[in-house]
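Comments concern the structure below.
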Number of protein chains: 2
Amino acid sequence: MATPQLTPLEDKAWQGFLYLHDRLWREIEAELEGAGVSMAEYSVLALLAKAGRAGMRMSELAQRRVMSTGGFSRLTDRLQQRGLVERQRASDDGRGYVVVLTSDGRSLLRRAWRTHYAELRRLFLDRLDETDLADLARIWERLDPQWAQEHEVG
Amino acid sequence: MATPQLTPLEDKAWQGFLYLHDRLWREIEAELEGAGVSMAEYSVLALLAKAGRAGMRMSELAQRRVMSTGGFSRLTDRLQQRGLVERQRASDDGRGYVVVLTSDGRSLLRRAWRTHYAELRRLFLDRLDETDLADLARIWERLDPQWAQEHEVG
DNA sequence: GTAAGTTGCTTGCGCAAGCAACTATTCCCG
DNA sequence: CGGGAATAGTTGCTTGCGCAAGCAACTTAC
């Protein structure tokens, strides 16, 4: 049996996805270093900001960040040690924790956001138009309808 | 000054990019484990296969893989120790090496490719049509014209 | 031809993340 | 209810990677 091949278009679509993700991630992370957070940390803080006072469960955060619960437990440790985040026992489930942003966390996030936003504009948003963004959104929906549903504009 | 906000569409396009990359990477990597290579290793072998007998310079491979030269040096060590790859002194520059796939490397890659291909179909290609792929290719070009040029279909 | 600087790769060190084993709590079913 | 299975999170260990310093080979300027 002959090994199947990717068409040039398939290859380009896939390779570009891998390459550009890594490149943008690295560049934004390098800039964020000035604000004192890694991309991973930043994105957790951002999720928590959206969650507000209610906070979010460890496990859900880990899932959204696509990382193991073990790894996430340590990430939370670091944020907590720096006073950016609090663990609160979940009222409805004694096994779990709800993670909540502290006011220090909120203000660090505000600072980091400026950097993050500037880089995002420079590397991503400024280079794409509405159509491109809509195309991307449609593609992510096709690749993971479940994710898309949870990110419905409601 | 008010902090600028992302529009819902901008947010979705960006978050989906981050999330889907990580999810697909993880799932494919999990399957590749059966073939005995990580995604990072796999993609180096694949680059080398394309390069053929001529091989590729360490530095170029590191760049394409978006990793540090130090990290790549170790990655090459691992592949070389397993006999999948050879370092050959570069004839035109005594500091550098050219990395070349061995026949063992080639046959491992062939096996890994089947797995990789199946997963890629399942998670990515089967869910998108030609238009989607073309949209992606166009978007990668806009995000990094230089990369696109190097990946010209010739 | 030699000194000053650059580039290609390697190496010591530290950190962040995964896995798997463990604890504590909750759920499920007889 | 009682006891086993499932779930939430933590911890010990391992691994892969980045950073920065180092070495050797190349380049440029004088």
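First the proteins, then the strands, lettered A, B, ... as listed; each starts at 1.
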Rounded to the nearest angstrom, tell me the gap between atom [atom1] in [X] and atom [atom2] in [N].
X	N	atom1	atom2	answer
A:Asp77	D:dT11	CG	P	7 Å
A:Met58	C:dT25	CE	C1'	16 Å
B:Leu75	C:dT11	CG	P	15 Å
B:Tyr97	D:dC26	OH	P	12 Å
B:Glu29	D:dC17	CD	P	9 Å
B:Leu79	C:dC9	CG	P	15 Å
A:Asp22	D:dC17	CG	P	11 Å
B:Arg89	D:dA24	CZ	C1'	8 Å

Give one of base, sugar-phosphate or nothing for [X], where a contact means two heavy atoms less than 4.0 Å apart.
X	value
A:Gly70	base
B:Arg65	nothing
B:Ser68	base

Of the listed nucleotides ([options]), which one gets closest to any side-chain atom of [X]?
X	options	value
A:Asp93	C:dC9, C:dA17, C:dT26	C:dT26
A:Thr69	D:dT10, D:dA25, C:dA17	D:dT10
A:Arg78	C:dA16, D:dG16, C:dT7	C:dA16
B:Arg57	C:dC9, C:dC19, D:dC17	C:dC9

Quick check: on DNA chain C, is the nucleotide nearest A:Gly94 upstream (toward 5') of the one nearest A:Ala40, or the reverse? Name the residue that is more 5'.
A:Ala40
Upstream residue (5' side of DNA chain C) when A:Ser38 and B:Glu60 are each assigned their closest nucleotide
B:Glu60
Using heavy atoms to find the nearest nucleotide of DNA chain D for A:Arg26 and A:Phe72 separately, return the residue whose nucleotide is more 5′.
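Going by which nucleotide is closer to the 5' end, it is A:Phe72.
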Ignoring hydrogens and angles, are the base of D:dG18 and the side chain of B:Arg74 linked by a donor-acceptor pair under 3.5 Å?
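By the distance-only test, yes, there is a pair.
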Using only heavy-atom distances, decide whether a donor-acceptor pair under 3.5 angstrom links the side-chain of A:Arg95 to the base of C:dT26.
no
Examine C:dC9: is either OP1 or OP2 under 4.0 Å from a nitrogen or oxygen in the side chain of B:Ser59? Give yes or no.
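Yes, such a contact exists.
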Just checking, any donor-acceptor pair under 3.5 angstrom between side chains of A:Arg65 and A:Ser43?
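Looking only at side-chain atoms, A:Ser43 and A:Arg65 do form a donor-acceptor pair, the distance falling under 3.5 Å.
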Give a yes-or-no answer on whether the side chains of A:Tyr97 and A:Arg89 include a donor-acceptor pair shorter than 3.5 Å.
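Short answer, yes.
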Do B:Trp140 and B:Phe17 have their ring centres less than 6.0 Å from each other?
yes
A:Glu141 versus B:Lys12: any side-chain heavy-atom pair under 4.5 Å?
yes
With A:Glu60, which of A:Arg64, A:Arg57, A:Gln63 fulfils side chain to side chain donor-acceptor pair (under 3.5 Å)?
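Running side chain to side chain donor-acceptor pair (under 3.5 Å) over A:Arg64, A:Arg57, A:Gln63 with A:Glu60 returns exactly one hit, A:Arg64.
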Hey, can you tell me if B:Tyr42 and B:Trp113 have their rings parallel, tilted or perpendicular (30° and 60° cut-offs)?
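Parallel.
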